[in-house]
Structure formats: C-alpha cells, structure tokens
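Comments concern the structure below.
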Amino acid sequence: MANVAFIGLGNMGGPMATNLIDAGHSVTVFDLSQAALDQLQEAGASVAATAAEAAREVDYVISMLPAGKHVAGVYMGAEGLLAQLDSSTTILDCSTIDAATARQVGEAAAELGLGFMDSPVSGGVAAAAGGTLAFMCGGAAATFEKAKLILVDMGVNIFHAGPAGAGQVAKGCNNMLLAVHMIGTCEALEMGARNGLDPKVLSEIMLASSGRNWSLEVYNPYPGVMESAPASNDYKPGFMVDLMLKDLGLAMEIAEQSDVDNPMGRLARELYSQHQEAGNGRMDFSSILQKLQG
Ligand code: NAD
C-alpha cells in the first residue's frame with residue numbers, strides 16, 4: 001500500500017481520495033476548504049496544513065483542481081511542490097486543464113528528474129464515487145507504469161495517450177466529439193418527432209443503424225426515452241453545461257495552438273454558449289435539446 005498526498009477535495013477529488021483510503025492506502029489531504037478537509041478526515045485521511053506538508057515523504061502526489069492556474073500555483077515556482085519533492089515521488093494531476101500548462105509542468109518536473117503525468121478523467125461525480133473513472137495519461141512510459149498501480153483504485157480504463165500534455169489533448173478531443181454528437185443526436189430526434197415519429201422508436205432504429213453513438217446509447221437526450229438519463233429527470237446533471245463549455249474552451253485552445261480547423265467544434269461551443277447565456281449553465285448538457293426546440 002502507498003503513501004499518498006491528495007490535493008483538491010471537491011466534487012471529484014473528495015470521492016477519489018475516499019476510494020484510495022478504502023483501498024487501504026495511507027492518504028494525507030490538503031484543500032483550501034475546511035469543510036472538504038473535515039469530510040475526508042471523517043473518511044480516514046490525515047489532514048495537512050499546506051500542500052507541501054501533505055506531500056512530505058509520499059509515494060504519490062495526486063491533484064484534482066479547477067484549472068491550469070491552480071495547478072501551476074500548486075506545483076511551480078520557488079514555493080511550489082516540484083521544488084520540494086524528491087525523485088521517488090510520482091505526481092498525477094487529474095484536473096482538466098489547458099494542454100499548454102500541463103506540458104509546462106510536465107517538462108519542469110522532467111528537468112528535476114520527477115515523474116509527472118497529466119491524468120485527466122472521463123466520467124463525472126458518480127464514476128468518481130464508484131471508482132469507475134477513465135484516465136487519459138500524458139508523460140513518460142516509466143511514470144505511466146507507476147501511475148497505473150494507484151489509478152486502478154479510482155478507475156477502470158487507464159490509457160497512456162503519449163508524452164506530457166497528451167492526456168489533456170485526448171480529453172479535449174473526446175469532449176469536443178461528445179458535444180458534437182450530442183447536438184447531432186438532439187437534431188435528429190427532434191426532426192423525427194416533428195414528423196410524427198416516436199423518439200423511442202426512432203432511437204431504436206438509429207441504434208441499430210449507422211447513426212449509433214454514445215449519446216443515443218447511454219444518455220438519450222429526449223425525455224421519457226431512457227429512465228436513467230438526465231433528460232428523464234428534468235435535465236438535472238449529470239454533466240453540467242458550464243463544465244461542457246469549460247472543456248470546449250480548452251479544446252478550442254488546443255485547435256488554435258495546433259492550427260487545426262474545427263468548424264463543428266466551434267459551432268458546438270457557440271450553441272452551448274448561447275444555451276448557458278439563456279440561464280442553463282447548471283442544467284445537464286443534454287438539455288441542449290430544449291434550445292433546438294426553441
Ligand atoms: P470542485 O470545484 O468541486 O473542486 C475543486 C477543489 O479544489 C475545491 O475543493 C477547492 O477548494 C480546491 N482547491 C482550489 N485551489 C486549491 C489549492 N490551491 N490548493 C488546494 N485545493 C484547492 O471541482 P470538481 O468538480 O471536483 O472538478 C475538479 C476537476 O475535475 C476540474 O478540473 C474539472 O474540470 C474536472 N472534472 C470534473 C468533472 C465533474 O463532473 N465535476 C468531471 C470530469 C472532470
């Protein structure tokens with residue numbers, strides 16, 4: 001069993017850290033929120049007063065923070081963790097952040113001889129609690145081998161996407177495609193419904209045909225078609241429009257920096273942005289159907 005420092009105990013980090021405790025690891029936590037620390041202490045974690053204190057003499061440092069600036073703040077600079085860790089520590093940043101910051105932190109860690117992986121996840125709060133997350137990792141192959149040993153206690157599918165930053169690029173590609181096929185699925189279902197088709201029957205037809213996709217298969221956006229989907233529960237998230245827009249913003253940055261033309265991704269971001277501005281930021285992202293319905 002390993003000694004682990006876990007930094008960032010929000011909606012995702014809290015249950016992920018709890019799964020590590022339940023798997024028998026010795027976990028020391030740090031967060032800016034006292035309430036989050038209290039909750040993890042109750043679950044069996046040791047609480048540290050700073051990130052540096054949490055990371056003292058551990059095998060792994062794992063972070064789950066809101067954005068690139070928080071990750072850079074925790075790891076970089078004279079006070080940052082990179083300057084204080086020794087080379088036996090493996091660092092896994094599971095936050096969803098811009099690929100440029102992930103590369104920058106990964107390269108700075110490599111210069112100091114530290115193993116760092118950007119390891120963003122697919123799957124929301126339910127997957128974090130259930131230990132069924134997918135991890136997309138960017139970093140050296142040897143670091144990936146060490147990362148797998150602990151990531152298996154928080155997830156089921158663990159991929160090595162490539163070098164530093166590749167995990168964030170994979171996540172950006174996936175979520176841009178998710179936005180595009182969710183909107184396409186909504187358009188098709190609405191067109192069918194307006195022409196007298198039962199959305200449930202149309203869904204069955206498309207699932208058995210070439211329109212089959214994840215939104216249709218496990219997350220049907222039409223109310224009443226799939227009991228377990230947010231659409232059948234007043235579009236309660238699930239995966240919020242606000243978070244989809246964050247991920248689409250990161251995907252657009254990747255596209256711009258690599259000079260890729262992505263008109264479908266850009267249009268998806270525009271539509272989700274309008275949907276957010278209409279006050280739907282905290283709704284599930286499949287509620288984009290309601291925008292198309294006018
Ligand atoms: P959250 O806002 O619930 O939690 C973030 C936590 O980080 C908070 O507890 C905050 O106090 C803490 N924090 C911020 N700065 C800190 C610092 N300097 N030191 C220590 N703690 C600090 O966010 P979340 O929903 O848990 O998401 C975390 C990350 O996971 C984000 O990058 C998000 O995009 C990604 N993600 C979220 C979901 C989801 O469904 N919520 C799904 C996949 C990925």
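Both counts, for ligands and for their atoms, begin at 1 and track the order of listing.
Qualifying side chain to side chain contact (heavy atoms under 4.5 Å, CB included) partners for N233, counting only residues two or more places apart in sequence or in other chains: K236. Under the rule for a side chain to side chain contact (heavy atoms under 4.5 Å, CB included), the partners of V180 that lie at least two apart in sequence or sit in another chain are M264, A268.
A side-chain N or O of H25 and one of D153 form a donor-acceptor pair less than 3.5 Å apart.
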What are the polar N/O contacts of ligand 1 with the protein below 3.5 Å, with distances?
residue: ligand 1; atom: 3 (O); partner: N11; partner atom: N; Å: 2.9
residue: ligand 1; atom: 3 (O); partner: N11; partner atom: ND2; Å: 3.2
residue: ligand 1; atom: 9 (O); partner: D31; partner atom: OD1; Å: 3.2
residue: ligand 1; atom: 9 (O); partner: D31; partner atom: OD2; Å: 2.7
residue: ligand 1; atom: 11 (O); partner: D31; partner atom: OD1; Å: 2.6
residue: ligand 1; atom: 26 (O); partner: N11; partner atom: N; Å: 3.2
residue: ligand 1; atom: 26 (O); partner: M12; partner atom: N; Å: 2.8
residue: ligand 1; atom: 32 (O); partner: L65; partner atom: O; Å: 2.9
residue: ligand 1; atom: 32 (O); partner: P66; partner atom: O; Å: 3.1
residue: ligand 1; atom: 32 (O); partner: T96; partner atom: N; Å: 3.0
residue: ligand 1; atom: 32 (O); partner: T96; partner atom: O; Å: 3.4
residue: ligand 1; atom: 32 (O); partner: K246; partner atom: NZ; Å: 2.9
residue: ligand 1; atom: 34 (O); partner: K246; partner atom: NZ; Å: 2.7

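Aromatic ring centres of Y219 and F285 lie closer together than 6.0 Å.
The side chain to side chain donor-acceptor pair (under 3.5 Å) contacts involving residues 189-200 comprise E190-R194, E190-Q293, where partners must be two or more places apart or lie in separate chains.
By the 4.0 Å N-to-carboxylate-O rule, D261 lies close enough to R266 to be salt-bridged with it.
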